[in-house]
Structure formats: C-alpha cells, structure tokens
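Since the structure is predicted, the reported quantities are computational estimates derived from the model, not experimental observations. Within every chain, numbering begins at 1; the chains are lettered A, B, ... in the order of the sequence lines, protein sequences first and strands thereafter.
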2 protein chains.
Amino acid sequence: MLTEERKQYILQVLDHEGIIRSQELMAALNASESTIRRDLKELEEESLIERVHGGAQKIGLLDFEQNMVEKSSENVHEKRQIAQYAASLIDKNEVIYLDAGTTTLAMVPFLREKNLTVVTNSVEHASALADFLIPTRVIGGNIKLTTKAILGSKSVQELKQYRFNKAFMGTNAFHEEYGYSTPDPEEAAMKTTAMEQADLAFVLADHTKCGQVSFAKVADLSQAAIITDQIPAEILRKISKKTTITEVSK
Amino acid sequence: MLTEERKQYILQVLDHEGIIRSQELMAALNASESTIRRDLKELEEESLIERVHGGAQKIGLLDFEQNMVEKSSENVHEKRQIAQYAASLIDKNEVIYLDAGTTTLAMVPFLREKNLTVVTNSVEHASALADFLIPTRVIGGNIKLTTKAILGSKSVQELKQYRFNKAFMGTNAFHEEYGYSTPDPEEAAMKTTAMEQADLAFVLADHTKCGQVSFAKVADLSQAAIITDQIPAEILRKISKKTTITEVSK
DNA sequence: ATGATTTTAAATGTTTTTGGTTGATTTTGA
DNA sequence: TCAAAATCAACCAAAAACATTTAAAATCAT
C-alpha cells in the first residue's frame, strides 16, 4: 500500500466521518501503528488534518452543536458496526450491489483492497465510492429528489441485465409476517429486483426498523439474511428458522 | 512498445484511477523497472503527473485545500456568466442534456422554474440538480473515478435512446481547424453522441480553451454553437461563418 | 550496410519506507 | 488521587524503492 494511498484514504474518511481512531485506520489499512502514526503526523504538518489523542479529526471540527446533533440524532455507531460486519462478508474480486441508504453508505470505507466492482442506484454512494477510488457502475434512471436514489422501470430493466455475487440492501421496515417493506413502490421494485439478481442478499437494518411495516412490500424475510444490532427476543422467536440473522453488537 | 504508447497508457490510467504503482505498470506494460521509472520521471518533468514513492498519481489528487484555492482563483466569474447566458437560452418544458464539467455545473442554479427534464452523465451534476429539485435522469454506466463522469459503451448506447431539445457541453479544447477535443476517448464518444441526439448543441468554453487541441476529437466546430467569454479577434476571423459564437462578457 | 542515436535491462550503491522496541506521556477508572 | 491501560515519540534494523551507471539491443539516417 502506497503512502499516498493511505493518506488519501485517511483524508476521505475524515471528510466523510469527521473523526477516526488510529486503531481503526490500522485495521482498515493493514498497516502498523508506527506507519499510521507517521502518516497522521505528516498530514498534520501539511495541516490537512488535526491530530487528537487516539486518532485524528477533520480540521476545525469543533462545531459541537452541528456534529453532536447530527451524530446523536441518528444511531451512527450502530450503523457503522453493522456496515463493517457486512463489508467483512465480501470476498475478493466480487461484484456487489449497494442499495441506497445511510447504513449501506457507511460500508464504503470498508470496501478497499478487495478488488470489487460495485453497482449502485444511489448518486450519493456513487460519489463516495469514487472518492475512495473503488470501481463503480451507476444504474441509469430517474432521480428521486428527496433521497437521490435512482429509480424507475428502465432502472429495473437495467438491473436485470446484471448478476451480483452479493447485494447489500437498506430497508425502512421489516416484519416477521409481512417481510421487508418501504414507502415508495418504485423503490420497492428496485430493491426486489436487485435481491433477485444476487446470489446472496443481505438486509442491513438497525433495531428501529424491527417489527415495522411500510406501504410497498419488497420481499419475504427468508429472501435475505438480516444484519442488525439487536432484536427483541420475542420477535426473534417468531421469525422463521429459514432466515439468517446476525446481531453485530453481541 | 513505444515510449509514447506507454506514456499515453500511464496518463490514461491515472486519469481514470488516480493513482498507480510502478509494479503494476511494469506488469501491465511488460517493461523493466528502469523503463517505467524513466517514463514516470519524464512525465513528471512535463508536470503531467506527480510522482510518489512506489508509483505516481494524478497531479493535485490530494490537495483539498489547493483545490479550493484553485476553484476560487480560477475564472469562476467568467464561468458563471457563461453558464447564466447558456441557461437563458432554454425554453420552458424542454428536455436538455447537461454534460459533465465545471462550467455546465454552474448552470444548475439557473435552471429552476423552467419545468425542465435534465439528463446528465455526471454524478456531481445529478446531485446538484436534485438539491435544486429539478427532475433529473442519470445515464447509467461506469464512473470515471477522477471526475465522477459516467462513461462507457453502454452509456453511449443509452444516450442513443433519447432525444434532447438542447445539449450543453463542456470541453477541454476547441480549435478552428481541429474542432472540439478532450483527453479521454471514452469521454469524447459520450460527448459526440450527446451532441448528435440534440436538436441544438452548445459548447461552453472559457477563453483558456480557445485554440487548444487535445487527444480525442469530439466534433467539428460547426456542430455546435460556442458560448464563451472572449475570443482573440484573429481566431474569430478564422472560424467558419457556419459556427455561431456568443461572447457573453461583451 | 554502417555508424549514430535512442531505448532498454541489469547491476550498483543510496535513500525511503516500514514494523517493531524502548521508555515517556496521557487517559481512564476505581 | 493513584495505578493500570492506552497512546505517544524516538530509535533501529530489514525491506522496498530509488538514482545512477553500464552495456546490450533496437531504431534511425545516411
């Protein structure tokens, strides 16, 4: 791994996440403590980052308000945990589908050095993937203005031309009886197709999505493995044994 | 393998991937370590690439802050003027194509209230258009990592299924004899097709692009109207009367 | 064909990068 | 507050990458 590659990765992570600890960088970049430390030192000397005890942060990241609000309103930590675990399931040289959504977006920094091709229907994901220099293909179609997801019948049609090793999906709701669902039927159609075109489908969902039902059905629970942080035991019992569930926080 | 061939290859790779190791180049080009190193050295002396320990990278791939400086030092004002004039040419309810590039990006804020449908091959433009709540369609295809433009034969194919009222193109170079050109052949193919699919094509180019020639030809000058800030009078005389030129600063 | 020039590959020693070790410093939790 | 744990800074030796030289091979001009 080239020094400049590492530095660029660090800058990108900081740009996307704001703060990072050295330990995480060591793991993500397969580099020794000294190496990471040296990189951080040099980046600091170029005043591209700000070093803090245990890691580094974006320069001028002292807007407590904005960050604290942002971070605490959403369960960022759980999402990152889920994302990291999901990324660990990916093998080298695979072609994966990355669905729109914040949890799948958190997977991006963990996708390096796997020689992947990533296909996505999210403009935001595509941009982040490019930032991390990961070869990426965007599905064509109409942009949903609120989420910047790419949807529509032509997009579904394009998806059907591809085949993925693994698909990583977000969801708004999953329910033991009604399966995965989402408010927008167009979005649901897209998700359904992507899952069909993958050898293995994974749904990333934090506990707030558990037991919920939304307007448009995407698939039955059994059609994907669930990766989540925690599920109430009584719901866990109700879910058919055919569905694989991983709780990353345990 | 000719020296120039190797250099072209190296530049292409860097343009798409951003960074490359010497070892990879040795393998890809069947050349010895010294040869690759010499190529890199010469390319660096021409300041076409930036050499780093272990390989080379695209110039300025790392300098966020320099990028910011560059953005502000560059002729933003001219670009915005050009963009605003270009946007004023658009009628209500049209379908327009927006090419990748900084000048066309500057058009986005002027596109509201026109009831347009915008088609683009740029992830960045798509995101900005969505922010401005402008109905947008993205072309599908591979993302060029350094510019986030969407390219490739499938993208060209998709473009051919559409028809635009107007197409607004960026360019790296235009020349009275050699027409419009750009460094990346894939990008050129995309531009050529987009212009063919539009009833009217406009090329937005500030004066720095005037009289320049780049690697891959996009089209003849006569195939689009030029919108620019200023053109030297003697070049203006050389350009055929068939080409419409608008100088917005006057 | 011949000699001049360019391009290439191998060999040399030098510099840079890297991961581990040391002891000092800071943070954490009782 | 104190002690354990984590992090840090400084140093060292091995490995990787570098610049330079040299000679062979290919290309070019005459």
Side-chain angles (χ1 to χ4, degrees), chain A residues 1-14 17-62 64 67-68 71-72 76-77 80-81 84 109-110 112-115 132-133 249, chain B residues 1-14 17-63:
Chain A
M1 159 114 318
L2 265 52
T3 308
E4 292 303 319
E5 271 183 283
R6 282 198 311 274
K7 288 193 185 176
Q8 187 175 339
Y9 177 86
I10 293 171
L11 286 176
Q12 286 302 337
V13 168
L14 284 184
E17 318 253 334
I19 192 163
I20 186 84
R21 41 188 95 241
S22 310
Q23 293 292 344
E24 297 183 78
L25 288 175
M26 286 169 58
L29 296 168
N30 277 326
S32 73
E33 195 184 324
S34 333
T35 301
I36 296 298
R37 200 179 299 292
R38 249 189 307 267
D39 290 342
L40 295 180
K41 188 180 172 188
E42 289 166 14
L43 284 170
E44 182 177 51
E45 279 162 1
E46 302 170 60
S47 61
L48 292 171
I49 67 169
E50 201 167 300
R51 220 135 73 97
V52 297
H53 196 91
Q57 66 183 22
K58 212 167 159 178
I59 54 172
L61 183 71
L62 217 52
F64 282 103
N67 256 298
M68 295 309 258
K71 300 271 174 186
S72 60
V76 188
H77 185 63
R80 204 187 296 189
Q81 260 192 311
Q84 182 163 18
F110 301 110
R112 295 183 31 271
E113 296 275 303
K114 295 205 185 213
N115 241 319
F132 283 93
L133 302 181
S249 56
Chain B
M1 160 125 327
L2 263 52
T3 309
E4 285 307 316
E5 276 184 89
R6 282 198 311 274
K7 289 193 184 175
Q8 280 296 339
Y9 176 85
I10 294 172
L11 286 176
Q12 285 295 339
V13 169
L14 282 186
E17 319 262 329
I19 193 164
I20 186 86
R21 315 169 160 41
S22 312
Q23 295 291 344
E24 298 183 75
L25 288 174
M26 286 169 58
L29 296 169
N30 274 329
S32 74
E33 195 184 324
S34 355
T35 301
I36 295 298
R37 188 157 296 124
R38 201 152 358 86
D39 290 342
L40 296 181
K41 189 179 173 187
E42 289 165 14
L43 284 169
E44 184 180 47
E45 279 162 2
E46 302 171 59
S47 63
L48 293 170
I49 66 169
E50 196 169 305
R51 221 135 74 96
V52 297
H53 198 93
Q57 67 183 21
K58 196 175 171 174
I59 55 173
L61 188 65
L62 199 57
D63 332 291

Practice problem: Please step through side chain to side chain contact (heavy atoms under 4.5 Å, CB included) for the pair A/Ile10 and A/Leu29, ending with a clear verdict. | Solution: CA-CA 9 Å; A/Ile10 293 171; A/Leu29 296 168; 4.3 Å; yes
Quiz item: Could you go step by step and tell me if B/Lys7 and B/Glu46 meet the side chain to side chain contact (heavy atoms under 4.5 Å, CB included) rule?
Solution: CA-CA 11 Å; B/Lys7 289 193 184 175; B/Glu46 302 171 59; 3.6 Å; yes
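Between B/His53 and B/Arg38, the one whose closest nucleotide on DNA chain C sits nearer the 5' end is B/Arg38. Nearest-nucleotide assignment on DNA chain D puts the 5′-proximal partner with A/Val52, out of B/Val52 and A/Val52.
Within the 4.5 Å cutoff, side-chain heavy atoms of A/Arg6 are placed close to those of A/Thr35.
Using a distance-only test at 3.5 Å, with no hydrogens or angles considered, a donor-acceptor pair links the side chain of A/Arg112 to the main chain of A/Ala28. Judged by distance alone, the side chain of A/Glu44 and the main-chain N or O of A/Arg51 form a donor-acceptor pair under 3.5 Å.
Nucleotide D/dA9 holds its C1' atom 14 Å from the CD atom of A/Glu42, rounded to whole Å. If you take CG of A/Leu2 and P of C/dT18, they are 8 Å apart, rounded to a whole angstrom. Note: CE (A/Met1) to C1' (D/dA15) measures 17 Å, nearest angstrom. Protein atom CG of B/Asp39 is 16 Å distant from nucleotide atom C1' of D/dC18, rounded to whole Å. Atoms CD (B/Glu44) and P (D/dA17) sit 17 Å apart, rounded to a whole Å. Distance CD (B/Glu5) to P (D/dA26): 17 Å, rounded to an integer number of Å. Rounded to a whole Å, the NZ atom of A/Lys41 is 15 Å from the C1' atom of C/dT16.
Considering only side-chain N and O atoms, A/Arg6 lies under 4.0 angstrom from the phosphate OP1 or OP2 of C/dT18. Within the 4.0 Å cut-off from OP1 or OP2 of D/dT7, at least one side-chain nitrogen or oxygen of A/Gln23 is found.
Near DNA chain D, meaning a heavy atom under 4.0 Å away, the residues from residues 25-37 of chain B are B/Glu33, B/Arg37.
Residue A/Met1 holds its CE atom at 3.5 Å from CD of A/Glu113, rounded to the nearest 0.5 Å. Between A/Ile20 atom CD1 and A/Ile49 atom CD1 the span is 11.0 Å, to the nearest 0.5 Å.
Looking at heavy-atom distances under 4.0 Å, A/Arg51 makes contact with sugar-phosphate atoms alone, never a base.
Listed candidates were D/dC8, D/dC11, D/dC18. Nearest to the side chain of A/Ser22 is D/dC8.
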